[in-house]
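Below is one structure, written out as C-alpha coordinates; the observations come after it.
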Amino acid sequence: MESSAFILFAIGTRDGFRIFDSNNGRLCYERALGAFNIVEMLFSSNLVAIVGAGEQPSLSPRRLCLFNTMSGNALRELNFLTSILAVRMNRKRLIVLLQDKTYIYDINSLTILDTIDTVPNLKGICAFSPSLDGCFLALPASITKGSLLLYNVMELQLHCEIDAHLAPLATMVLSSNGMYIATASEQGTMIRVHLVSEATKSYSFRRGSYPSTIFSLSFGQCSQVPEILVATSSSGSVHVFPLGFAINQSRRSGGFLGSIMLDSISDALDPAHHHIVHNAVPAGIKSYAVIRKVDRVADTSSSEIVACRATLAIITYNGYFQEYNLSLSNQNEFSRSLDCEFNLLTAIANNDVRL
(Lines give C-alpha, C1' and ligand atoms only; values in the text may rest on other atoms or scores of the structure.)
Protein backbone atom coordinates (compact mmCIF):
# COMPACT_ATOMS: atom_id res chain seq x y z
CA MET A 1 0.00 0.00 0.00
CA GLU A 2 1.79 3.11 -1.20
CA SER A 3 -0.67 5.97 -1.62
CA SER A 4 -4.13 6.85 -0.46
CA ALA A 5 -5.16 7.48 -4.08
CA PHE A 6 -4.56 3.93 -5.27
CA ILE A 7 -4.64 1.16 -2.69
CA LEU A 8 -5.18 -2.48 -3.49
CA PHE A 9 -5.84 -5.43 -1.24
CA ALA A 10 -5.79 -9.15 -1.93
CA ILE A 11 -7.78 -12.04 -0.49
CA GLY A 12 -7.36 -15.80 -0.80
CA THR A 13 -10.32 -18.18 -1.05
CA ARG A 14 -11.00 -21.84 -1.75
CA ASP A 15 -11.14 -21.00 -5.46
CA GLY A 16 -8.06 -18.80 -5.87
CA PHE A 17 -7.10 -15.23 -5.07
CA ARG A 18 -8.57 -11.83 -5.95
CA ILE A 19 -7.26 -8.27 -5.88
CA PHE A 20 -9.57 -5.31 -5.25
CA ASP A 21 -9.32 -1.54 -5.47
CA SER A 22 -10.27 -0.39 -1.98
CA ASN A 23 -11.45 3.02 -3.22
CA ASN A 24 -14.41 1.68 -5.16
CA GLY A 25 -14.54 -2.05 -4.45
CA ARG A 26 -13.76 -2.91 -8.07
CA LEU A 27 -12.39 -6.38 -8.70
CA CYS A 28 -9.05 -5.70 -10.40
CA TYR A 29 -7.66 -9.20 -10.77
CA GLU A 30 -8.88 -12.75 -10.35
CA ARG A 31 -6.97 -16.01 -10.60
CA ALA A 32 -8.79 -19.31 -10.11
CA LEU A 33 -6.02 -21.72 -9.19
CA GLY A 34 -7.37 -23.43 -6.08
CA ALA A 35 -7.40 -22.81 -2.34
CA PHE A 36 -4.88 -20.38 -0.82
CA ASN A 37 -3.91 -19.73 2.79
CA ILE A 38 -1.60 -16.76 2.15
CA VAL A 39 -1.78 -13.98 -0.45
CA GLU A 40 0.73 -11.21 0.26
CA MET A 41 1.18 -8.23 -2.08
CA LEU A 42 4.32 -6.14 -2.41
CA PHE A 43 2.60 -2.81 -1.73
CA SER A 44 0.34 -2.19 -4.76
CA SER A 45 2.70 -3.74 -7.29
CA ASN A 46 2.26 -6.73 -9.60
CA LEU A 47 4.29 -9.01 -7.32
CA VAL A 48 2.26 -11.34 -5.11
CA ALA A 49 3.50 -14.09 -2.78
CA ILE A 50 1.02 -16.98 -2.60
CA VAL A 51 0.90 -20.14 -0.49
CA GLY A 52 -1.62 -22.90 -1.11
CA ALA A 53 -3.92 -24.44 1.46
CA GLY A 54 -2.93 -27.98 0.53
CA GLU A 55 -6.32 -29.01 -0.83
CA GLN A 56 -4.74 -29.65 -4.24
CA PRO A 57 -1.42 -31.51 -4.74
CA SER A 58 0.00 -28.60 -6.73
CA LEU A 59 -0.77 -26.09 -3.97
CA SER A 60 1.30 -27.33 -1.07
CA PRO A 61 1.33 -25.22 2.13
CA ARG A 62 5.11 -25.81 2.09
CA ARG A 63 5.62 -24.04 -1.24
CA LEU A 64 5.90 -20.27 -1.70
CA CYS A 65 5.25 -18.96 -5.20
CA LEU A 66 6.19 -15.43 -6.28
CA PHE A 67 3.61 -14.54 -8.91
CA ASN A 68 3.45 -11.70 -11.45
CA THR A 69 -0.16 -10.62 -11.94
CA MET A 70 0.73 -8.60 -15.03
CA SER A 71 2.17 -11.52 -16.97
CA GLY A 72 0.19 -14.23 -15.17
CA ASN A 73 3.37 -16.22 -14.63
CA ALA A 74 5.09 -17.73 -11.62
CA LEU A 75 8.46 -16.01 -11.24
CA ARG A 76 10.03 -18.29 -8.67
CA GLU A 77 9.11 -21.00 -6.18
CA LEU A 78 10.63 -21.73 -2.76
CA ASN A 79 10.02 -25.05 -1.02
CA PHE A 80 10.26 -25.71 2.72
CA LEU A 81 10.17 -28.74 5.00
CA THR A 82 7.13 -27.57 6.98
CA SER A 83 4.08 -25.39 6.34
CA ILE A 84 4.54 -21.67 5.73
CA LEU A 85 2.65 -19.67 8.36
CA ALA A 86 3.33 -16.07 7.26
CA VAL A 87 5.05 -14.09 4.51
CA ARG A 88 6.14 -10.45 4.60
CA MET A 89 7.85 -8.32 1.95
CA ASN A 90 9.30 -4.93 1.17
CA ARG A 91 11.51 -3.75 -1.68
CA LYS A 92 14.64 -5.30 -0.19
CA ARG A 93 13.59 -8.23 1.98
CA LEU A 94 11.37 -11.30 1.86
CA ILE A 95 10.44 -12.87 5.21
CA VAL A 96 9.11 -16.44 5.45
CA LEU A 97 7.85 -17.81 8.79
CA LEU A 98 7.64 -21.49 9.63
CA GLN A 99 6.65 -23.02 12.95
CA ASP A 100 10.14 -22.86 14.48
CA LYS A 101 12.27 -21.06 11.87
CA THR A 102 12.20 -17.72 10.09
CA TYR A 103 14.05 -17.12 6.84
CA ILE A 104 15.26 -13.72 5.61
CA TYR A 105 15.88 -13.40 1.86
CA ASP A 106 17.17 -10.73 -0.45
CA ILE A 107 14.00 -10.23 -2.48
CA ASN A 108 15.82 -9.45 -5.72
CA SER A 109 18.18 -12.45 -5.81
CA LEU A 110 16.22 -14.70 -3.40
CA THR A 111 19.47 -15.44 -1.62
CA ILE A 112 19.06 -16.55 1.99
CA LEU A 113 20.61 -13.86 4.18
CA ASP A 114 19.78 -15.27 7.60
CA THR A 115 17.90 -18.08 9.35
CA ILE A 116 16.42 -17.44 12.79
CA ASP A 117 15.54 -20.32 15.11
CA THR A 118 12.37 -19.38 16.99
CA VAL A 119 10.17 -20.69 19.76
CA PRO A 120 7.18 -22.69 18.44
CA ASN A 121 5.02 -20.13 16.65
CA LEU A 122 1.98 -22.09 15.52
CA LYS A 123 -0.07 -18.98 14.68
CA GLY A 124 2.66 -17.31 12.64
CA ILE A 125 2.65 -14.23 14.87
CA CYS A 126 5.02 -11.54 13.63
CA ALA A 127 5.31 -7.84 12.84
CA PHE A 128 7.27 -6.25 10.01
CA SER A 129 7.97 -2.60 9.18
CA PRO A 130 8.26 -1.91 5.43
CA SER A 131 10.52 1.14 5.87
CA LEU A 132 14.08 0.52 4.72
CA ASP A 133 15.40 3.01 7.31
CA GLY A 134 13.74 1.26 10.26
CA CYS A 135 13.21 -2.20 8.86
CA PHE A 136 12.49 -4.39 11.88
CA LEU A 137 10.99 -7.84 12.26
CA ALA A 138 9.34 -8.82 15.55
CA LEU A 139 8.89 -12.44 16.62
CA PRO A 140 7.64 -14.05 19.84
CA ALA A 141 10.44 -14.85 22.28
CA SER A 142 8.45 -17.14 24.60
CA ILE A 143 5.43 -19.45 24.62
CA THR A 144 4.68 -18.78 28.30
CA LYS A 145 4.85 -14.97 28.47
CA GLY A 146 4.41 -11.99 26.19
CA SER A 147 8.00 -11.22 25.30
CA LEU A 148 9.26 -10.51 21.79
CA LEU A 149 12.51 -10.24 19.87
CA LEU A 150 13.19 -7.40 17.43
CA TYR A 151 15.58 -7.99 14.53
CA ASN A 152 17.02 -5.40 12.19
CA VAL A 153 16.63 -7.27 8.89
CA MET A 154 18.72 -4.80 6.90
CA GLU A 155 21.71 -5.13 9.21
CA LEU A 156 20.85 -8.78 10.01
CA GLN A 157 21.25 -8.49 13.75
CA LEU A 158 19.20 -8.73 16.92
CA HIS A 159 18.13 -5.30 18.10
CA CYS A 160 16.51 -5.97 21.48
CA GLU A 161 14.08 -8.05 23.52
CA ILE A 162 10.93 -6.53 25.01
CA ASP A 163 8.85 -7.99 27.86
CA ALA A 164 5.47 -6.59 26.88
CA HIS A 165 2.92 -8.79 28.70
CA LEU A 166 2.63 -11.50 31.31
CA ALA A 167 0.46 -13.69 29.06
CA PRO A 168 1.64 -15.01 25.65
CA LEU A 169 1.32 -12.70 22.65
CA ALA A 170 -1.79 -12.77 20.45
CA THR A 171 -0.81 -10.15 17.87
CA MET A 172 1.56 -7.24 17.28
CA VAL A 173 2.28 -4.57 14.70
CA LEU A 174 5.15 -2.19 13.92
CA SER A 175 4.54 1.37 12.81
CA SER A 176 5.30 2.07 9.16
CA ASN A 177 8.54 3.86 10.07
CA GLY A 178 9.65 1.11 12.47
CA MET A 179 9.74 3.46 15.47
CA TYR A 180 6.95 1.90 17.56
CA ILE A 181 5.56 -1.56 18.17
CA ALA A 182 2.09 -2.29 19.57
CA THR A 183 1.25 -5.61 21.21
CA ALA A 184 -1.66 -7.49 22.70
CA SER A 185 -1.58 -10.70 24.71
CA GLU A 186 -3.97 -13.65 24.71
CA GLN A 187 -5.70 -11.96 27.65
CA GLY A 188 -6.61 -9.05 25.39
CA THR A 189 -7.31 -6.49 28.10
CA MET A 190 -4.22 -4.30 27.61
CA ILE A 191 -2.71 -2.77 24.48
CA ARG A 192 0.89 -1.64 24.93
CA VAL A 193 3.10 0.49 22.69
CA HIS A 194 6.90 0.44 22.97
CA LEU A 195 9.53 2.72 21.48
CA VAL A 196 11.73 0.40 19.42
CA SER A 197 14.99 2.35 19.66
CA GLU A 198 15.04 2.27 23.48
CA ALA A 199 12.84 -0.80 24.07
CA THR A 200 10.77 1.25 26.53
CA LYS A 201 7.02 1.42 27.05
CA SER A 202 5.57 4.67 25.71
CA TYR A 203 1.83 4.05 25.98
CA SER A 204 -0.47 1.56 27.66
CA PHE A 205 -4.20 1.38 27.06
CA ARG A 206 -6.87 -0.69 28.75
CA ARG A 207 -9.14 -2.14 26.07
CA GLY A 208 -11.57 -3.57 28.61
CA SER A 209 -11.91 -5.52 31.84
CA TYR A 210 -12.97 -8.83 30.31
CA PRO A 211 -10.71 -11.03 28.16
CA SER A 212 -11.13 -10.82 24.41
CA THR A 213 -9.15 -12.15 21.45
CA ILE A 214 -7.40 -9.32 19.63
CA PHE A 215 -7.42 -10.18 15.93
CA SER A 216 -5.43 -7.24 14.57
CA LEU A 217 -3.64 -4.02 15.44
CA SER A 218 -2.90 -1.19 13.03
CA PHE A 219 -1.04 2.13 13.25
CA GLY A 220 -1.78 5.09 11.06
CA GLN A 221 0.92 6.04 8.55
CA CYS A 222 3.41 8.35 10.23
CA SER A 223 6.75 10.11 9.99
CA GLN A 224 7.22 10.33 13.75
CA VAL A 225 4.66 9.43 16.44
CA PRO A 226 1.55 7.72 15.00
CA GLU A 227 -1.63 9.68 15.71
CA ILE A 228 -3.85 6.65 15.99
CA LEU A 229 -3.88 2.92 16.74
CA VAL A 230 -6.85 0.63 16.13
CA ALA A 231 -7.63 -2.91 17.27
CA THR A 232 -10.22 -5.46 16.16
CA SER A 233 -11.39 -8.12 18.58
CA SER A 234 -13.68 -11.11 19.01
CA SER A 235 -16.28 -8.83 20.62
CA GLY A 236 -17.04 -7.45 17.17
CA SER A 237 -16.06 -3.90 18.15
CA VAL A 238 -13.20 -1.78 16.82
CA HIS A 239 -11.19 0.06 19.47
CA VAL A 240 -9.58 3.38 18.57
CA PHE A 241 -6.63 4.64 20.66
CA PRO A 242 -5.51 8.26 20.13
CA LEU A 243 -1.73 8.07 20.50
CA GLY A 244 -1.13 11.55 19.19
CA PHE A 245 -3.08 13.08 22.08
CA ALA A 246 -2.36 10.47 24.77
CA ILE A 247 -0.19 11.03 27.82
CA ASN A 248 3.32 9.70 27.26
CA GLN A 249 3.38 6.97 29.86
CA SER A 250 7.15 6.62 29.88
CA ARG A 251 7.44 10.18 31.19
CA ARG A 252 4.88 9.63 33.92
CA SER A 253 6.17 6.29 35.10
CA GLY A 254 9.86 6.82 34.44
CA GLY A 255 10.62 8.31 37.84
CA PHE A 256 11.09 6.74 41.27
CA LEU A 257 7.44 5.75 41.70
CA GLY A 258 7.27 4.15 38.25
CA SER A 259 10.45 2.19 38.88
CA ILE A 260 9.07 0.44 41.97
CA MET A 261 5.52 -0.20 40.77
CA LEU A 262 4.52 -3.56 39.33
CA ASP A 263 3.02 -3.55 35.82
CA SER A 264 -0.32 -4.73 37.20
CA ILE A 265 -0.46 -1.71 39.50
CA SER A 266 0.78 0.87 37.00
CA ASP A 267 -1.68 -0.46 34.41
CA ALA A 268 -4.51 0.45 36.76
CA LEU A 269 -3.35 4.06 36.48
CA ASP A 270 -2.97 3.98 32.69
CA PRO A 271 -5.57 5.84 30.66
CA ALA A 272 -8.68 3.89 29.78
CA HIS A 273 -9.93 6.65 27.49
CA HIS A 274 -10.35 5.39 23.97
CA HIS A 275 -13.17 5.16 21.51
CA ILE A 276 -15.20 2.19 20.35
CA VAL A 277 -17.02 1.48 17.13
CA HIS A 278 -19.55 -0.98 18.49
CA ASN A 279 -20.78 -3.97 16.48
CA ALA A 280 -18.69 -3.14 13.44
CA VAL A 281 -18.30 -6.88 12.82
CA PRO A 282 -20.43 -9.81 14.05
CA ALA A 283 -19.01 -11.10 17.35
CA GLY A 284 -16.58 -13.97 16.90
CA ILE A 285 -15.90 -13.26 13.21
CA LYS A 286 -12.21 -12.73 12.60
CA SER A 287 -11.44 -9.34 11.12
CA TYR A 288 -8.44 -7.32 10.00
CA ALA A 289 -8.26 -3.53 10.08
CA VAL A 290 -5.81 -1.09 8.55
CA ILE A 291 -5.54 2.69 8.78
CA ARG A 292 -5.32 3.77 5.15
CA LYS A 293 -4.83 7.49 5.60
CA VAL A 294 -4.34 10.06 8.36
CA ASP A 295 -4.74 13.83 7.91
CA ARG A 296 -3.59 16.22 10.63
CA VAL A 297 -5.61 19.31 11.46
CA ALA A 298 -3.52 22.16 12.89
CA ASP A 299 -4.49 25.36 14.72
CA THR A 300 -3.62 28.15 12.27
CA SER A 301 -2.54 30.48 15.08
CA SER A 302 -0.18 28.10 16.88
CA SER A 303 0.47 25.27 14.38
CA GLU A 304 -0.50 22.86 17.16
CA ILE A 305 -2.13 19.64 15.99
CA VAL A 306 -5.67 19.80 17.35
CA ALA A 307 -7.31 16.93 15.50
CA CYS A 308 -6.75 14.17 13.02
CA ARG A 309 -8.94 12.46 10.49
CA ALA A 310 -8.37 8.87 9.44
CA THR A 311 -9.73 6.38 6.96
CA LEU A 312 -10.21 2.93 8.47
CA ALA A 313 -10.64 -0.16 6.28
CA ILE A 314 -11.89 -3.48 7.70
CA ILE A 315 -11.92 -6.87 6.01
CA THR A 316 -13.87 -9.66 7.67
CA TYR A 317 -13.35 -13.38 7.24
CA ASN A 318 -17.01 -13.85 6.31
CA GLY A 319 -16.40 -11.82 3.17
CA TYR A 320 -17.16 -8.14 3.84
CA PHE A 321 -15.22 -4.92 3.31
CA GLN A 322 -16.04 -1.78 5.30
CA GLU A 323 -14.59 1.70 5.29
CA TYR A 324 -15.07 4.22 8.10
CA ASN A 325 -14.13 7.88 8.33
CA LEU A 326 -12.84 8.68 11.83
CA SER A 327 -12.27 12.05 13.48
CA LEU A 328 -10.34 12.60 16.74
CA SER A 329 -9.58 15.80 18.59
CA ASN A 330 -7.22 16.76 21.41
CA GLN A 331 -10.35 17.38 23.52
CA ASN A 332 -11.12 13.64 23.34
CA GLU A 333 -13.98 14.19 20.92
CA PHE A 334 -14.64 11.36 18.51
CA SER A 335 -16.92 10.81 15.55
CA ARG A 336 -17.13 8.17 12.88
CA SER A 337 -19.21 7.41 9.83
CA LEU A 338 -19.51 4.32 7.68
CA ASP A 339 -18.52 5.44 4.20
CA CYS A 340 -19.00 2.20 2.32
CA GLU A 341 -19.63 -1.51 2.80
CA PHE A 342 -19.78 -4.31 0.28
CA ASN A 343 -19.75 -8.07 0.06
CA LEU A 344 -16.51 -9.36 -1.43
CA LEU A 345 -18.16 -12.58 -2.54
CA THR A 346 -20.87 -10.68 -4.39
CA ALA A 347 -18.23 -8.51 -6.00
CA ILE A 348 -16.37 -11.61 -7.12
CA ALA A 349 -19.49 -13.13 -8.65
CA ASN A 350 -20.84 -10.01 -10.33
CA ASN A 351 -17.81 -7.75 -10.61
CA ASP A 352 -20.27 -5.04 -9.63
CA VAL A 353 -20.30 -3.32 -6.25
CA ARG A 354 -23.18 -1.31 -4.81
CA LEU A 355 -22.00 1.03 -2.04
Side-chain angles (χ1 to χ4, degrees), residues 38 40 85-90 93 95-100 102 104 116 118-131 134-153 158-207 211-222 225-226 228-234 238-241 243 249-250 263 267 270 274 286-291:
I38 296 173
E40 185 78 13
L85 301 179
V87 177
R88 298 290 184 269
M89 295 186 291
N90 67 13
R93 297 290 184 260
I95 312 297
V96 182
L97 270 74
L98 309 184
Q99 177 177 322
D100 54 7
T102 297
I104 302 174
I116 303 170
T118 65
V119 299
N121 186 8
L122 299 178
K123 297 179 180 179
I125 297 170
C126 67
F128 183 61
S129 56
S131 170
C135 191
F136 292 100
L137 170 68
L139 298 168
S142 171
I143 60 173
T144 59
K145 63 177 183 177
S147 59
L148 61 99
L149 297 172
L150 274 163
Y151 294 87
N152 186 318
V153 299
L158 177 65
H159 174 70
C160 67
E161 180 173 352
I162 295 175
D163 292 324
H165 302 269
L166 295 178
L169 293 169
T171 189
M172 51 187 172
V173 67
L174 279 152
S175 60
S176 59
N177 58 9
M179 290 181 62
Y180 291 88
I181 184 165
T183 59
S185 74
E186 292 179 353
Q187 191 74 10
T189 55
M190 300 300 303
I191 308 295
R192 296 200 174 98
V193 179
H194 284 76
L195 180 63
V196 169
S197 60
E198 300 176 10
T200 54
K201 186 175 73 173
S202 295
Y203 305 92
S204 187
F205 296 95
R206 180 169 292 280
R207 181 209 57 81
S212 182
T213 300
I214 305 300
F215 291 137
S216 73
L217 294 168
S218 176
F219 284 111
Q221 294 288 321
C222 58
V225 179
I228 186 172
L229 171 70
V230 298
T232 61
S233 72
S234 56
V238 176
H239 299 261
V240 182
F241 305 97
L243 270 66
Q249 299 304 307
S250 62
D263 277 348
D267 283 345
D270 283 338
H274 69 280
K286 192 173 182 180
S287 57
Y288 181 84
V290 62
I291 297 293

For the atom pair OH (Tyr151) and CD1 (Ile95), what is the distance rounded to the nearest 0.5 Å? 11.5 Å
Thr144 versus Ser142, side-chain donor and acceptor atoms under 3.5 Å: yes
Taken in chain and number order and not counting sequence neighbours, the residues that satisfy salt bridge (Lys or Arg N to Asp or Glu O under 4.0 Å) with Lys145 are Asp163
Donor-acceptor pair, Ser175 side chain versus Tyr180 backbone, under 3.5 Å? yes
With heavy-atom distances below 4.5 Å as the criterion, would you say the side chains of Thr189 and Arg206 are in contact? yes
Is Leu149 close to Glu161 at the side-chain level, that is, under 4.5 Å between some pair of heavy atoms? yes
Report the residue from Asn177, Leu229, Leu174 that forms a side chain to side chain contact (heavy atoms under 4.5 Å, CB included) with Phe219. Leu229
Side chain to side chain contact (heavy atoms under 4.5 Å, CB included) partners of Thr213, counting only residues at least two apart: Phe215, Ser234
Apply ring pair (Phe, Tyr, Trp, His ring centres under 6.0 Å) to Phe136 and list each qualifying residue two or more places apart in sequence or on a separate chain. His159
Hey, does the side chain of Arg192 reach the backbone of Ala164 with a donor-acceptor pair shorter than 3.5 angstrom? yes
Distance in Å, His194 NE2 paired with Lys201 NZ, rounded so as to fall on 0.5 Å steps: 6.5 Å
Is there a donor-acceptor pair closer than 3.5 Å between any side-chain N or O of Thr232 and the backbone N or O of Ser287? yes
Donor-acceptor pair, distance only, cut-off 3.5 Å: does the side chain of Ser129 make one with the backbone of Gly134? yes
Which value, rounded to the nearest 0.5 Å, describes the distance between Leu217 atom CG and Met172 atom CE? 10.5 Å
Do His239 and Ile191 make a side-chain contact, defined as non-hydrogen atoms from C-beta onward lying under 4.5 Å apart? no
How far apart are the closest heavy atoms of Ile104 and Arg93, and which atoms are they? CG2-CD, 3.9 Å
Nearest 0.5 angstrom please: Arg207 CZ to Ser233 OG, how far? 5.5 Å
Once side chain to side chain contact (heavy atoms under 4.5 Å, CB included) is applied, do any residues pair with Pro130, and if so which ones, sequence neighbours excluded? Phe43, Asn90
What I'd like to find out is whether the side chain of Leu139 reaches to under 4.5 Å of the side chain of Cys126, using heavy atoms alone. yes
If you take all heavy atoms of Ala86 and Gly124, which pair is closest and at what distance? CB-O, 3.8 Å
Any side-chain to backbone donor/acceptor pair from Thr171 onto Ala184? Under 3.5 Å, distance only. no
Please give me the minimum heavy-atom distance between Ala138 and Leu148, naming the atom from each residue. CB-CD1, 4.3 Å
By side chain to side chain donor-acceptor pair (under 3.5 Å) - contacts of Thr183 (at least two apart): His165
Here the gap from Leu98 atom CG to Ile116 atom CD1, rounded to the nearest 0.5 Å, amounts to 11.5 Å
Look only at the side chain of Ser216 and the backbone of Ala289, and say whether a donor-acceptor pair between them is shorter than 3.5 Å. yes
Atom CD1 of residue position Ile143 - does it have more than 12 heavy atoms of other residues, nucleotides or ligands inside 6.0 Å? no
Would you please name every residue forming a side chain to side chain contact (heavy atoms under 4.5 Å, CB included) with Asn121, sequence neighbours left out? Leu97, Ile125, Pro140
Please tell me if the side chains of Val240 and His274 come closer than 4.5 Å, counting only heavy atoms from C-beta onward. no
